[in-house]
Amino acid sequence: MATRRIVQILADGQPGESQKVCGWVRTRRDSKAGLSFVELNDGSCLSSLQLVVPGDLDGWDDAVGRVTTGASLRVSGTLKESPGKGQRVELGVESLEVIGEADAESYPLQKKRHSFEFLREIAHLRPRTNTFGAIARIRNALSAAIHRFFQDRGFVYVHTPIITTSDCEGAGEMFQVTTLDLKRLAQVQTEIDYGQDFFGRPASLTVSGQLEAEIYATSVGDCYTFGPTFRAENSNTSRHLSEFWMVEPEMPFYELPDNMELAESFIRSITAEVLERCGEDMEFFNKRIDDTVLATLANITDNEFIRLTYTEAVEILEGAGREWEYPVQWGRDLQSEHERFLTEEHFGQPVILYDYPRTIKPFYMRCNDDGKTVRAMDVLVPRVGEIIGGSQREDRLDVLLERITECGMEPEDYWWYVDLRRYGSVPHSGFGLGFERMVQLITGMSNIRDCIPFPRTPKSAEF
RNA sequence: UCCCCGAUAGCUCAAUUGGUAGAGCGAGCGGCUGUUAACCGCUAGGUUGUAGGUUCAAGUCCUACUCGGGGAGCCA
């Protein structure tokens, strides 16, 4: 008899059917009258299967003490309609094997609520909890939805490099990659000769696949990357990770309005798909984690995003009639408090801001004719803040060269990037979505460290 | 990196002006029950984050460090 996943049994198992299942014990409740109830979970869904073990089952007297929270079991029996409340069917156990024991004294997961801080310290066991099992399934469904969204539209999935030698991609501190013996070099105290290093020059982990994605956008057409990204910033917040996953589409012949259109339908579409595919898990998040999360997501799928320019946003903020901790002034970057006010209070829904001052944005964004702004856009959502950052790219050779110099960088370091403007240049655009921030938005989890299986943050890289 | 707060039993937290360390949950044992956040009783469990200092006496006061939380900056 083949083993079945619990999600299938709970969905369509019929009384009278013989079933074999494997999984991990969540709880056991004994009835000395001759029964034991065991909640068995196999991770296929949030719900557990209730096992009903008759007290006279062969070998049960010996096994019962080992059927503790966390132990793994293989059982077979007959499905029955459940006379109790809380489940449609239950499994009347006819044979039971304890595969792996879990010592009740030392097993860290107890039959009670744990804090997320504690569970983070046992990241190897936390996916066995309701919350982290659900997050794992949401991440999976969200990944699939992202690929489906782009694949349905003919986008090509491009694998951009993890290791890069562009030492300034414009997005912050980078992790150095080296095979040099730093311990020995420190002892001899010599000047470091990168010619001796693995790549013959300094190398780092990527902070963005955008520049390489532009190469493929201007050859195979609409494309996207979806991979790990690394930032060595000393950021200690609930919205930052040192290693995270980023989705970066890049489209030729797209101007900024096309880019905003795609970003909006992207967010709304993947949100709707996860809501549809992960109903039970989403009910759980709404009940146990954040009772506004389903309403927030419905607001996203049902309404068009607000669009306004940076300049209009500044006017709204100046006229808001409140004291800002940081003053609002055209030409300065908007602060967290400003962005939150716009998306959470003033509009109460996602907002796309565009046309930012060129002085606060990177070199590759296309300059507007006013000479003061660039075609940048940020998508802001309630609670999480900036979830997407993107722009139309500067496609004019002379302007790009000017901007590289203006930003204090060397055009020669970007010779291949500049070449894209020298040969067959086209207007093009793209954006980046922080995958874990999207998971945060969907689940209502307040800390991004709980939205990725093994979080890497400053001073923290266990597991 | 900056500001504020915290670290006490396996977990979540108490402990008056400095005076011998407590509860709930979990665990073990027993009782009861088609149970489902099960219920009732008993028992065990602690170098109070680390290193110094003040004091007759420190969980409590002081200093530094480590880690965690909230906020900020940087960003996705």
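Lettering of chains follows the sequences in order, A, B, ..., and the numbering in each one begins at 1.
- Across all strands shown, Q87(A) has heavy atoms under 4.0 Å from base atoms, whether or not it also approaches the sugar-phosphate.
- Remark: P of rU36(B) and CZ of R88(A) are 22 Å apart, rounded to the nearest angstrom.
- Stacking is not found between F37(A) and the pyrimidine-like six-membered ring of the rG34(B) base under the 5.5 Å centre-distance and 30° plane-angle cut-offs.
- Counting to the nearest Å, the C1' atom of rA38(B) and the NZ atom of K111(A) are 8 Å from each other.
- Taking 3.5 Å as the limit, the base of rU35(B) and the side chain of D30(A) contain no donor-acceptor pair of atoms between them.
- Between the CD atom of E173(A) and the P atom of rC75(B) there is a distance of 11 Å, given to the nearest Å.
- Dashed line: the shortest gap from a side-chain N or O of S235(A) to OP1 or OP2 of rC75(B) is not under 4.0 Å.
- Counting to the nearest Å, the C1' atom of rG71(B) and the CZ atom of R239(A) are 9 Å from each other.
- Taking side-chain N and O atoms only, S336(A) has a distance below 4.0 Å to OP1 or OP2 of rG73(B).
- Counting non-hydrogen atoms under 4.0 angstrom, K459(A) reaches the backbone sugars and phosphates but no base.
- Note: CD (E339(A)) to C1' (rG71(B)) measures 15 Å, nearest angstrom.
- Set against rA76(B), rG28(B), rA72(B), the side chain of A104(A) has rG28(B) as its closest nucleotide.
- A distance-only check finds a donor-acceptor pair linking the side chain of D42(A) to the backbone of I6(A) [under 3.5 Å].
- Contact annotation for E90(A): base contact, defined as any heavy-atom pair under 4.0 Å involving a base atom.
- In this model, no side-chain donor or acceptor of R29(A) finds a partner on the base of rC39(B) within 3.5 Å.
- By the 6.0 Å and 45° rule, R26(A) does not stack over the aromatic ring of W24(A).
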Nucleotide-resolved protein contact map, nucleotides 3-10 of chain B, B/S/- at heavy-atom distance under 4.0 Å: -------B
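- Applying the 4.0 Å criterion to OP1 and OP2 of rG69(B), one finds that R449(A) has a side-chain N or O inside that range.
- G432(A) comes within 4.0 angstrom of the backbone, heavy atoms only, and of no base.
- Regarding E248(A), its CD atom lies at a distance of 9 Å from the P atom of rA76(B), rounded to whole Å.
- Across all strands shown, Q335(A) has heavy atoms under 4.0 Å from sugar-phosphate atoms exclusively, and none from any base.
- Evaluation of atom-type donor-acceptor distances gives a pair under 3.5 Å for the side chain of H240(A) against the base of rC75(B).
- Here L241(A) lies in heavy-atom contact (under 4.0 Å) with a base.
- With respect to E39(A) and R29(A), a salt bridge is recorded, a charged nitrogen being found less than 4.0 Å from a carboxylate O.
- Residue R437(A) has its side chain nearest to rA76(B) when only rC74(B), rG34(B), rA76(B) are considered.
- One can place CZ of R113(A) at 11 Å from C1' of rU12(B), the figure rounded to the nearest angstrom.
- Using a 4.0 Å heavy-atom distance criterion, F435(A) is classed as making no nucleic acid contact.
- At a threshold of 4.0 angstrom between heavy atoms, the contacts of Q50(A) include nucleobase atoms, whether or not backbone atoms are also involved.
- Checking the phosphate oxygens (OP1, OP2) of rG69(B), a side-chain nitrogen or oxygen of N447(A) falls inside 4.0 Å.
- Distance CZ (F244(A)) to C1' (rC74(B)): 12 Å, rounded to an integer number of Å.
- Side chain of R120(A) to main chain of D450(A): no donor-acceptor pair is present (N/O by atom type, distance under 3.5 Å, no hydrogens or angles).
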